[in-house]
Peer 1: 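The following block contains the structure, expressed as structure tokens.
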Amino acid sequence: MRLATWNVNSIRTRVDRVVDFLERTHTDVLAMQEIKCRPEQFPLDAFESAGYRVASHGLDQWNGVAIASRVGLSEVETTFPGQPAFGKAGADAVVEARAIGATCEGIKLWSVYVPHGRSLDDPHFAYKLSFLDALCLSAATWASSGDSVAIVGDWNVIPLDTDVWDASGPELSTHVAPKVRAAFSAFEDAGYDELSRRFLPEPGRYTYWDYQQLRFPKNEGMRIDFVLASGTLTPRAVGAIIDRGERKGAGPSDHVPVIVDFLDDPGSVEA
DNA sequence: ATGCCTTCTGCAAGAAGA
């Protein structure tokens, strides 16, 4: 089974590119982030014509997450237990569209878009930490049940200094802060392994390049999109690809897909 | 001096991204 995650930065703008990717790479399940639309605005037809079912969650033009699958899609959930709300001072707090879960061919999959944080002294940064903490608590219970769980998406975390071209950039403090890195590594303690690095450990394997300042041609990027798998799923992983080519050409997202291939669940093999 | 992209809404320019 081929699983991918991709922050598409508007599915309505990028739909042709995304469906072309699915067909070109024979991806079975795609977790998307930043779809930037409500479900009724999602370009379903292009996905269904290509043989995929879609579950999406979006409240407005911000955030938004979705899962497309050609191997089953059931038990859809649009928030995880304990998912925190966020609102500007004076405004009502809202549980934003930053997570969607579904079961696809026996894998409990979550597509997540972790809050950016904005700056260390911004309330958005505390929101980011509480989002990661709450997700990790839920993740621990999922893993301890023995389910095959994948939590994938745009984590907005730079785990290692080698995951960014310049770790000292002050605008990246929200992504390299010790508290953020600790919140991310806590998923390991909860029983998860990050699979793309297992197969692609080299420095400079980035998944995001800013649109500005010729960041992509200069390979000044960062690695912030990850595939976390529970203990029962990890042994089935056989390879990973970061599809850097998707940053090229006309109208790319600023992120590229991260792909992981899994062997079939041995429990599903017929006797 | 500021920004150098891209997307959204909505029709101007601001918010947000990282």
Side-chain angles (χ1 to χ4, degrees), chain A residues 5-18 32-43 56-66 85-94 96-99 111-129 131-132 153-177 179-181 183-184 204-226 242 244 246-258:
Chain A
T5 181
W6 194 1
N7 179 322
V8 297
N9 187 17
S10 172
I11 191 56
R12 288 179 290 177
T13 297
R14 217 81 62 208
V15 56
D16 291 343
R17 196 167 180 129
V18 173
M32 289 168 269
Q33 301 86 37
E34 280 210 270
I35 63 170
K36 294 189 171 180
C37 68
R38 300 185 299 275
E40 68 269 24
Q41 298 172 304
F42 193 99
S56 71
H57 177 44
L59 303 175
D60 49 35
Q61 74 269 39
W62 306 119
N63 316 307
V65 283
F86 181 75
K88 288 182 178 176
D92 290 338
V94 173
E96 298 177 315
R98 292 181 177 274
S111 173
V112 300
Y113 178 41
V114 175
H116 171 280
R118 295 179 187 162
S119 67
L120 295 183
D121 56 356
D122 192 299
H124 210 255
F125 185 71
Y127 170 47
K128 176 180 192 171
L129 292 175
F131 185 99
L132 285 166
D154 177 355
W155 292 78
N156 272 321
V157 177
I158 299 171
L160 306 176
D161 285 352
T162 49
D163 292 332
V164 61
W165 90 98
D166 177 11
S168 65
E171 74 280 10
L172 300 178
S173 58
T174 51
H175 290 48
V176 302
K179 281 186 176 179
V180 165
R181 286 179 166 173
F184 184 72
R205 287 275 191 185
Y206 302 139
T207 65
Y208 163 90
W209 299 259
D210 198 301
Y211 287 122
Q212 303 184 57
Q213 309 289 349
L214 298 174
R215 292 294 186 219
F216 182 64
K218 295 194 281 191
N219 197 31
E220 294 177 344
M222 50 187 97
R223 186 171 195 166
I224 56 177
D225 300 88
F226 297 105
I242 294 173
R244 193 175 185 281
E246 279 295 346
R247 189 62 177 77
K248 300 177 180 176
S253 170
D254 41 4
H255 295 250
V256 296
V258 179

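To find a chain, count down the sequence lines: A is the first, B the second, and so on, and within it residues start at 1.
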Peer 1: Using atom P of each nucleotide, how far apart are B/dT7 and B/dT2 to the nearest Å?
Peer 2: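 Approximately 27 Å lies between the P atom of B/dT7 and that of B/dT2.
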
Peer 1: Please classify the nucleic acid contact of A/N7 as base, sugar-phosphate, or nothing, using heavy-atom distances under 4.0 Å.
Peer 2: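 Sugar-phosphate, no base atom in range.
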
Peer 1: Using a 4.0 Å heavy-atom cut-off, does A/R223 contact any base of the nucleic acid, only the sugar-phosphate backbone, or nothing at all?
Peer 2: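 Nothing, no nucleic acid heavy atom in range.
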
Peer 1: Would you please say whether a donor-acceptor pair under 3.5 Å links the side chains of A/S253 and A/E246?
Peer 2: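 There is no such pair (donor and acceptor under 3.5 Å, judged by atom type) between the side chains of A/S253 and A/E246.
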
Peer 1: Main chain of A/R223, side chain of A/T207: is a donor-acceptor contact present, judged purely on distance under 3.5 Å?
Peer 2: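 Checking the backbone N and O of A/R223 against the side chain of A/T207, no donor-acceptor pair under 3.5 Å is found.
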
Peer 1: A/E171 near the nucleic acid: base, sugar-phosphate alone, or nothing, with a heavy-atom cut-off under 4.0 Å?
Peer 2: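 If one applies the 4.0 Å heavy-atom cut-off, A/E171 turns out to touch nothing in the nucleic acid.
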
Peer 1: Between A/F226 and A/F184, is the ring centre distance below 6.0 Å?
Peer 2: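 Yes, the ring centres sit under 6.0 Å apart.
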
Peer 1: Once you apply a heavy-atom cut-off of 4.0 Å, does A/N156 come out as touching a base, just sugar-phosphate, or nothing?
Peer 2: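 Sugar-phosphate only.
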
Peer 1: Please identify each residue that fulfils side chain to side chain contact (heavy atoms under 4.5 Å, CB included) with A/E34, with sequence neighbours left out.
Peer 2: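 A/E34 satisfies side chain to side chain contact (heavy atoms under 4.5 Å, CB included) with A/N7, A/K36, A/Y113 once adjacent residues are dropped.
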
Peer 1: Closer to the 5' end of DNA chain B via nearest nucleotide, is it A/V114 or A/Q61?
Peer 2: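 Its nearest nucleotide being more 5', the pick is A/Q61.
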
Peer 1: Quick check on DNA chain B: between A/D210 and A/Q213, whose nearest nucleotide comes earlier from the 5' end?
Peer 2: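 This one resolves to A/Q213.
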
Peer 1: Just jot down the salt bridge (charged side-chain N to carboxylate O under 4.0 Å, His left out) partners of A/R181, sequence neighbours excluded, or say none.
Peer 2: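 For A/R181, the residues satisfying salt bridge (charged side-chain N to carboxylate O under 4.0 Å, His left out) (neighbours in sequence not counted) are A/D161.
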
Peer 1: Would you indicate what A/F216 reaches in the nucleic acid, counting non-hydrogen atoms under 4.0 angstrom: base, sugar-phosphate, or nothing?
Peer 2: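 Nothing, no nucleic acid heavy atom in range.
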
Peer 1: Applying ring-ring contact (aromatic ring centres under 6.0 Å, His included) between A/F216 and each of A/W209, A/Y206, A/Y211, report the one that passes.
Peer 2: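 With A/F216 as partner, A/W209, A/Y206, A/Y211 yield a single ring-ring contact (aromatic ring centres under 6.0 Å, His included), made by A/W209.
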
Peer 1: Taking A/N9's backbone N and O only, do any of them form a donor-acceptor pair with A/R14's side chain (distance below 3.5 Å, no angle check)?
Peer 2: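 Answer holds: yes.
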
Peer 1: Could you tell me from which nucleotide to which nucleotide of DNA chain B, 5' to 3', there is an atom under 4.0 Å from chain A heavy atoms?
Peer 2: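 Terminal contacting nucleotides, 5' to 3': B/dC4 to B/dA18.
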
Peer 1: Distance between the P atoms of B/dG10 and B/dC4, in whole angstroms?
Peer 2: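 Their P atoms lie roughly 24 Å apart.
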
Peer 1: Please measure how far the P atom in B/dA1 lies from the corresponding atom in B/dC11, and state the result in whole Å.
Peer 2: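 Straight-line distance between the two P atoms is 35 Å.
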
Peer 1: Just checking A/R215: base, sugar-phosphate only, or nothing, at a heavy-atom cut-off of under 4.0 Å?
Peer 2: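 If one applies the 4.0 Å heavy-atom cut-off, A/R215 turns out to touch nothing in the nucleic acid.
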
Peer 1: Just call it for A/N63: base, sugar-phosphate, or nothing, with non-hydrogen atoms closer than 4.0 Å on any strand.
Peer 2: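 Answer is nothing: A/N63 stays at 4.0 Å or more from every strand.
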
Peer 1: Name the nucleic acid region contacted by A/H116, choosing base, sugar-phosphate or nothing; use a 4.0 angstrom heavy-atom cut-off, strictly under.
Peer 2: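 Base contact.
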
